[in-house]
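Written out below as structure tokens is the structure these notes cover.
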Amino acid sequence: MTDHPSNGLENSASPYLRSASRQPIDWHEWNDAAFARAKAEDKPILLDIGAVWCHWCHVIDRESYENPEIAKIINEHFVAIKVDRDERPDVDSRYQSAISAFSGQGGWPLTGFLLPDGRPFFGGTYFPPDDQMGRPGFRRLLHAAADSYRNKRADLERAASSVSEAVAQAEVFTGARAEFDLGVVDAQINSITQLFDIKNGGFGRAPKFPHASAIDLILERYQQTKEKHLLAMAETTLEKMARRGVYDQLAGGFHRYSVDERWLVPHFEKMSYDNSELLKNYLHAWQAAQNPFLRETAEGTIGWVNDVLSDQENGGFYSSQDADYSLDDDGDYFTWTLEELRAALLPDEARIMELYYDVEAHGEMHHNPLKNVLWIARDAADIGEQLGLDETAARLAIAKAKGKMLAARKPRETPFIDKTMYVAWNAMFVSAYLEAARVLGGSLSANCRAFALKTLDRMLKEIWSQSRGFGHRIGGPALEGSLDDQVFSVLALLDAYETTLDPRYFTAAQKTMDLAIARYGDAEGGGFFDRPSDAAPMGGLDVRRKPFQDSPTPSANSVAAIALIRMHAFTGDNRYYEFAKKTLEAFAGIAPQYGLFAATYGLAAALFANHPLQVVITGNSNHPGAQALEAAAHRVFRFGKSVLRITPGASLANLAGALKETLPHLPAGKPLAVVCTGQTCLPPTSDPAQLTALLENGATGAATL
């Protein structure tokens with residue numbers, strides 16, 4: 001880092017922007033003042049969009065933005081704006097679309113050249129300082145862009161207008177609207193199946209990303225049809241991921257993606273939104289397959305989040321952990337040389353772990369061939385047979401050695417943890433932890449429940465308002481919330497209501513849903529825009545955008561449809577049903593072609609057609625019969641299922657409207673379970689096995705009581 005005087009970013013709430021505060025560039029945050037200066041000085045804008053966890057963002061920082069000669073060019077000819085993509089996903093999504101039109105690809109760092117009004121006329125991703133690797137040098141590009149702005153302004157105006165129109169047209173989704181057709185789920189299942197990698201699990205070729213919604217869609221279809229190949233697809237994918245390098249074998253938690261198709265060598269950053277959704281996958285697959293390894297992986301992920309990615313004292317989940325502690329390493333914190341492993345363990349332990357994790361003199365990391373990515377190459381039984389050990393002894397030795405290796409890793413220089421708390425990602429983890437509380441049982445279940453509710457209470461206290469719903473960030477300067485912040489929070493609030501039967505969570509969920517419809521909804525065309533109707537203008541790409549694709553988080557419009565469907569199931573209010581239907585219809589014409597990348601839409605479509613399952617269980621809290629019914633209800637995975645526990649001390653009045661009207665005479669003290677769907681209910685049962693069968697079959701044959 002250069003020792004340049006501060007450029008004004010040192011007070012930013014974003015760690016990515018703060019990291020640039022000593023660069024010799026006169027950076028601006030994304031604000032009206034930056035655009036006003038560009039217009040007043042008649043200069044083009046250089047836009048950098050990145051993130052604190054992004055390796056190549058740090059590379060371009062060091063190579064170019066910390067280079068005094070390049071900085072001089074930028075300061076002389078441009079107004080420079082730096083944006084954190086996590087802080088401003090609305091800015092990032094629009095410019096990703098625009099820059100992809102120029103370069104054919106998006107990603108971070110995103111480097112854009114804009115007219116003073118914000119319309120882009122050229123751009124790309126990473127550029128080296130000078131021509132190399134088949135990429136034009138940044139120094140040359142800066143001079144060319146400045147010269148074109150001075151001497152070829154009309155050409156740039158035409159290019160900017162053309163791209164802006166293309167972005168606006170892309171957001172119209174021509175041909176998207178159609179009648180709702182549940183057949184979209186069949187098309188998606190077929191597409192996902194064709195992409196399935198039988199050998200390695202996952203979908204498609206390298207690089208391999210987790211597709212959490214697709215895995216849940218496969219599991220939900222399996223629960224409906226009992227087609228064994230569907231469960232095998234999900235279970236194989238999750239097992240392979242958890243055994244390979246994309247999972248942190250010592251501390252738990254998943255890295256962002258794998259550079260190879262075997263899930264072996266990851267990009268080492270760990271993202272909140274990946275781990276919350278994968279946690280749900282492992283919980284759901286444990287319910288469906290009862291595979292202990294899947295449960296262990298879920299528990300390992302929770303352990304890492306509790307230790308590293310959360311504010312245990314106050315509530316809240318952090319955003320990410322970086323891949324690297326400096327630009328000179330590439331996952332060095334997470335990888336091991338043979339010498340490092342042997343130094344941490346006794347000789348007999350080292351021999352076991354060399355076999356277990358396939359640690360050799362030459363590893364998988366290109367920047368340092370001595371470094372090994374840890375992955376489970378052999379089971380304890382295989383190692384025991386090879387070394388003449390009892391399998392139980394081998395398991396105990398592996399567990400002990402893992403603890404020693406983790407202890408040896410902790411003193412290493414640790415990659416940066418971004419402790420910013422974004423509302424949508426916190427809501428996703430609240431839902432995941434409440435799911436863990438329902439599924440896992442024991443002390444871990446109680447801890448997950450308590451922390452999820454602590455986090456949600458903090459969100460309601462600090463960042464929710466009666467007039468605008470949720471903001472985007474917990475702490476720091478206020479940021480207008482996005483559609484994601486509203487709809488993921490509605491689901492978290494409904495999950496909390498189901499867990500506690502506390503009506504304040506349901507009231508907040510309903511109010512937030514109503515605000516989302518009013519402020520983000522398209523009453524005429526269906527669906528939701530990502531920014532509220534009264535949001536401040538944002539540069540030259542101020543197009544109204546309806547997010548549909550799952551990338552990298554579940555699509556906000558599909559999540560909104562799920563929230564509306566669940567809200568209708570609780571209230572019986574038809575306006576939620578109708579808006580869910582219009583939202584699904586808004587994308588029905590294009591959903592099949594998105595396949596894997598619209599799996600959340602498939603989940604919403606299936607839930608809309610089949611209606612959410614709702615289970616009401618009565619009986620004293622310590623009654624064995626009631627406990628057995630509750631355990632049976634939680635044992636079965638069905639997407640969108642609710643389990644509501646009524647005890648003599650919890651009034652039926654706390655049930656949301658539709659259920660309260662349907663079940664007015666249910667005796668709170670007697671252990672019974674009632675399964676409802678679509679405002680109709682089956683006769684009560686006191687038999688856990690019968691309850692399991694009803695849930696497995698989707699409560700077919702339900703009738704109004």
Side-chain angles (χ1 to χ4, degrees), residues 179-186 188-189 213 216-217 219-226 284 287-288 431 435 438 487 490-491 493-495 497-498 506 509-510 513 526 557-585 588 591 599-617 633-634 636-644 655-663 666 673-685 690-705:
E179 290 294 315
F180 172 73
D181 183 359
L182 187 58
V184 67
V185 181
D186 295 328
Q188 288 179 323
I189 293 292
S213 291
D216 265 0
L217 183 61
L219 288 170
E220 174 61 18
R221 174 55 71 93
Y222 165 73
Q223 293 291 64
Q224 293 174 9
T225 66
K226 300 305 178 189
H284 297 159
Q287 289 173 294
S431 290
E435 188 81 336
R438 290 187 286 267
V487 296
V490 170
L491 293 185
L493 287 162
L494 289 178
D495 291 337
Y497 166 71
E498 293 165 9
F506 186 82
Q510 188 166 18
M513 191 78 259
N557 264 284
S558 300
V559 172
I562 292 166
L564 288 162
I565 296 162
R566 286 179 61 183
M567 189 64 69
H568 173 251
F570 277 121
T571 64
D573 189 334
N574 209 44
R575 64 194 175 98
Y576 296 127
Y577 176 87
E578 291 299 329
F579 215 100
K581 184 170 183 283
K582 287 185 71 172
T583 299
L584 292 170
E585 289 175 343
T600 311
Y601 181 92
L603 287 166
L607 192 64
F608 180 77
N610 300 321
H611 305 293
L613 288 169
Q614 296 173 307
V615 189
V616 177
I617 297 172
H634 289 314
V636 179
F637 168 63
R638 294 309 302 264
F639 183 78
K641 179 193 67 181
S642 304
V643 179
L644 304 164
L655 286 176
L659 282 175
K660 184 164 56 179
E661 294 169 7
T662 308
L663 304 167
L666 204 61
V674 179
V675 180
C676 302
T677 180
Q679 274 88 63
T680 60
C681 298
L682 290 169
T685 180
Q690 185 181 10
L691 175 59
T692 297
L694 291 174
L695 294 175
E696 293 276 6
N697 295 327
T700 53
T704 303
L705 287 179

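- At distances below 3.5 Å, not a single donor-acceptor pair connects side-chain atoms of Lys641 with backbone N or O atoms of Val615.
- Judged as a side chain to side chain contact (heavy atoms under 4.5 Å, CB included), and not counting sequence neighbours, the contacts of His634 are Arg438, Glu630, Val643.
- Here Glu585 pairs with Arg177, Lys581 under the salt bridge (Lys or Arg N to Asp or Glu O under 4.0 Å) rule; sequence neighbours left out.
- A 4.5 Å side-chain heavy-atom check between Thr571 and Gln510 finds at least one atom pair inside the cut-off.
- Annotation: the span from Thr225 atom OG1 to Ile189 atom CD1 amounts to 8.5 Å, rounded to 0.5 Å.
- Note that OG1 of Thr677 is 9.0 Å distant from CG of Leu682, once rounded to the nearest 0.5 Å.
- Arg566 is listed as a side-chain neighbour of Leu607, based on a closest heavy-atom distance under 4.5 Å.
- With salt bridges taken as basic N to acidic carboxylate O contacts below 4.0 Å, one links Arg221 and Asp186.
- Annotation: side chain of Phe639 is in contact with side chain of Ile562 (closest heavy-atom distance under 4.5 Å).
- Met567 is listed as a side-chain neighbour of Val490, based on a closest heavy-atom distance under 4.5 Å.
- Taking the side chain as every heavy atom from C-beta outward, Ser558 and Leu603 never approach each other to under 4.5 Å.
- A ring-centre distance under 6.0 Å is not found for Tyr576 and His568.
- Ring to ring, Phe570 and Tyr497 are close: their centroids are under 6.0 angstrom apart.
- Checked against side-chain hydrogen bond (donor to acceptor under 3.5 Å, both in side chains), Glu220 has the following partners two or more places apart in sequence or in another chain: Gln224, Arg638.
- Of the possible polar contacts, one joining the Gln223 side chain to the Phe637 backbone as a donor-acceptor pair under 3.5 Å is found.
- In this structure, a donor-acceptor pair under 3.5 Å is present between the side chains of Glu498 and Ser642.
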